[in-house]
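Here you go, one structure.
Numbering of residues begins at 1 and proceeds along the displayed sequence.
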Amino acid sequence: MIPRVHTRGTRTIGLLHYLYGPGTHEEHIDPHLVAAWDGLAPDPGRNPDATYGDLQRLLDQPVMALPESRRPAEHVWHLSVRAAPEDPILSDEQWGEIARRMVAATGIAPAGDDAACRWAAVRHADDHIHVIATIVREDGRQARLRQDGRRSQAEARKIEIDYGLRRLHTGDGTAAQRPTSAERHKAQREGRERTAREELRETVRRAVAGTASTEEFFDRLAAAGLLIRKRIAPSGDLLGYKVALPNDRNGEKEPVFYAGSTLAPDLSLPRIRERWALPAEAASADGSGPEQPALPDVTGPAFARRRASAATWQALLIIDHGDDGTAAAQITAAGEILDALAKTSAAHTRAELREAAFAFERASRSHVRAARGHDRALRQVARDLVHSGPALGRGEDGATTAMLIDMAFFLAMAAANWHAKKHHGQQAAAARQAAEHLRAAYQAAAGESMAALAQRGRGMAPRVRQRQADLLHQVLPELAERIRAEDGWPALAATLDDARRAGHDPAALLADAARRREVDTATSISDVLVWRLRRSAHLPALPESSHETPARDSRHQATSAPNPPLTQGVGNHFSRRR
């Protein structure tokens, strides 16, 4: 159930005309009162003798009783309460009781207060009501409406429990501003998938990912095609910025600009600059706000993804065992990884990765202040991803993409668990939603590489396959039979053989891979172990030939490989919750 306190108005009659009228964006069906401050209040929807003016005059009576100099100009309070699409249709009596609880919780009409404000609840659709009130009480004082939005949200959580409705998560004030109804309807009219506000927020976040300076940030915004306005102080200092979509215009055909701070709390220029800050001892002498120096680019998309996988794994351990500020910094920077990955992904994974980044945006902010400086490793690999350019969806590029998505899934789940422990309901839900999209992206990304590795494993000599099976039983006796029954076992066997031929101890690697975070809850344990082993042993994510001895360090190998034939039995460890 979603309550929303709207901007206060100046004309009671104008809002009544809308509530009882035909509707501007959706049809209003049978508008009528379901509750009011007075059981005898006139209902223009059901009583042919009642008029809008009759109801307006009664609602405004306490306001008009004041001397004109004391009448508040914006005296009309407006609250809408909407049920979730999957909720049952509530009766008028139930909606009436919900309205009474809302006006009591927000301070419009506290229970037992005979001098409270006058109000009325109008229903003109199955799934929501509108509450209109005037904020002057019967005793001439104004209602105490501080934090009325937050109070309505808290009451909605109680109502969900009492009525058995879908339970939503209470916000903590760190969420980005939701699009207004006007913005949503404008997007629908123009055939946009998202509102201009949401599209701008996503574009600005991608521009921020891995940037190292103000100049680079604005260059990326311009390259993305946004219109930019900079706010300059009289001294010449840059104070802020606004952005607009070129084709988003108002009634006067002028671009509609949004300040960074109105897109999201962490997209104001000062908050963005915090990401570039170095430790205090590295601050610039002129105090102009230290920014990270330009760092060398990587050698290709595959290398960038391999480095990002390693940094993501370290971030997992920090979230699990670090202090709150350090963990919050990793989670915030994880959003940059997802933004950069979505920006540089191949076509067949782009949609799900974009949705994952879009969902994780909510998980990247909370009231736990991120300890800046501890996120530099993740921010650097986000930069690597952007500067290495788009990755191919095949060969080593495709395989290292699958490896990184595998690690990113665990990172999203670690963020969800961390937020859940802190009782950050919205953030935990957002991180889990991002993980679901990453699961889908993995299935699209891993098919070719897991099939090729599995084909190589099935082509090994019987004595070599038996050696890997014996090793598995020795190191993981409780999981060995389950792993050998999985479609991904041949790929794991091939990976263990690659590690041995590269000079590693496969038993030690396997034991370490299985010990670091749970694997027994995975649908395909072998898939998880393949990527952990290939990352930790510096093996190519996808060997070019089944007869080739892998190098100990693949960083300078070519980033493409022949396309192996697809086979059945592609790893599916993301098909259920790990």
Side-chain angles (χ1 to χ4, degrees), residues 174 205 208-212 266 271 274-282 292 295 304-341 356-357 359-385 400 403-424 427-428 430-432 434-435 438 509 512-519 521-522 528-529 531-538 578:
T174 62
R205 289 186 65 84
V208 171
T211 54
D266 56 344
R271 291 289 299 277
E274 288 179 5
R275 308 187 192 204
W276 305 326
L278 296 171
E281 61 270 16
Q292 290 184 359
L295 296 173
R305 279 152 174 72
R306 177 176 291 278
R307 277 183 55 174
S309 297
T312 299
W313 182 255
Q314 292 303 313
L316 278 168
L317 303 180
I318 294 173
I319 293 172
D320 284 346
H321 305 294
D323 58 47
D324 286 350
T326 305
Q330 302 301 314
I331 293 172
T332 299
E336 295 194 37
I337 294 287
L338 294 181
D339 286 322
L341 185 56
F360 195 83
E361 181 264 342
R362 180 66 189 99
S364 65
R365 291 188 308 274
S366 71
H367 283 301
V368 178
R369 188 169 182 82
R372 294 300 181 188
H374 294 277
D375 56 356
R376 293 193 67 204
L378 284 183
R379 294 204 74 250
Q380 175 59 43
V381 294
R383 180 179 178 82
D384 290 347
L385 290 171
T400 51
M403 178 188 293
L404 177 54
I405 296 173
D406 176 88
M407 299 297 171
F409 175 91
F410 277 112
L411 185 62
M413 290 306 300
N417 294 335
W418 184 84
H419 279 305
K421 291 177 182 178
K422 302 295 179 185
H423 305 290
H424 302 161
Q427 290 91 333
R432 286 191 289 268
L438 289 168
L509 287 175
D512 184 63
R515 182 173 62 251
R516 302 284 287 274
R517 297 188 65 86
E518 73 286 348
V519 295
T521 58
V528 178
L529 294 176
W531 298 123
R532 293 185 183 182
L533 288 170
R534 303 199 79 83
R535 177 193 58 78
S536 61
H538 302 291
R578 295 176 182 247

- [ ] State, with a plain yes or no, whether a side-chain heavy atom of Arg535 is found less than 4.5 Å away from one of Met403.
- [x] yes

- [ ] Measure the shortest side-chain to side-chain distance between Arg365 and Thr332 over non-hydrogen atoms and say whether it is less than 4.5 angstrom.
- [x] no

- [ ] Taking all non-hydrogen atoms of both residues into account, name the closest pair between Ile331 and Ala363 and its distance.
- [x] CG2-O, 3.4 Å

- [ ] Taking the side chain as every heavy atom from C-beta outward, state whether Ile319 and Asn417 have any atom pair closer than 4.5 Å.
- [x] no

Task: Thr400 vs Ser309 side-chain heavy atoms within contact, under 4.5 Å - done: no

Open item on the list: Please report the interatomic distance CG(Asp339) to CG(Leu385), rounded to the nearest 0.5 Å.
Closed with: 11.0 Å

Open item on the list: Restricting to non-hydrogen atoms, name the atom on Leu378 and the atom on Ile337 that form the minimum distance, rounded to 0.1 Å.
Closed with: O-CD1, 3.4 Å

Open item on the list: Can you give me the closest heavy-atom contact between Leu509 and Ala537, atom names plus distance?
Closed with: CD1-CB, 3.8 Å

Task: Heavy-atom donor-acceptor pair, Arg532 side chain to Ala513 backbone, under 3.5 Å - done: yes

TODO: Check whether any side-chain heavy atom of Gln380 lies under 4.5 Å from a side-chain heavy atom of Arg307, and answer yes or no.
DONE: yes

Task: His419 and His424 aromatic ring geometry - parallel, tilted or perpendicular at 30°/60° bounds - done: tilted

- [ ] Could you tell me whether the side chain of Phe410 reaches within less than 4.5 Å of the side chain of Thr312, counting heavy atoms only?
- [x] no

- [ ] Calculate, to the nearest 0.5 Å, the distance between atoms CG and CG belonging to Leu411 and Asp406 respectively.
- [x] 11.5 Å

Task: SB check Asp375 Arg275 (cutoff 4.0 Å) - done: no

TODO: Answer whether the closest heavy-atom distance between the side chains of Trp418 and Val368 falls below 4.5 Å.
DONE: yes

Open item on the list: Are the side chains of Asp324 and Arg369 in contact, using a 4.5 Å heavy-atom criterion?
Closed with: no

- [ ] Please round to the nearest 0.5 Å and tell me the distance separating atom CZ of Arg376 and atom CZ of Arg383.
- [x] 11.0 Å

Open item on the list: Please check this pair: side chain of Gln330 against backbone of Leu316, looking for a donor-acceptor N/O pair closer than 3.5 Å.
Closed with: no

Task: Spacing of Ile405 atom CD1 and Arg305 atom CZ [to the nearest 0.5 Å] - done: 8.5 Å

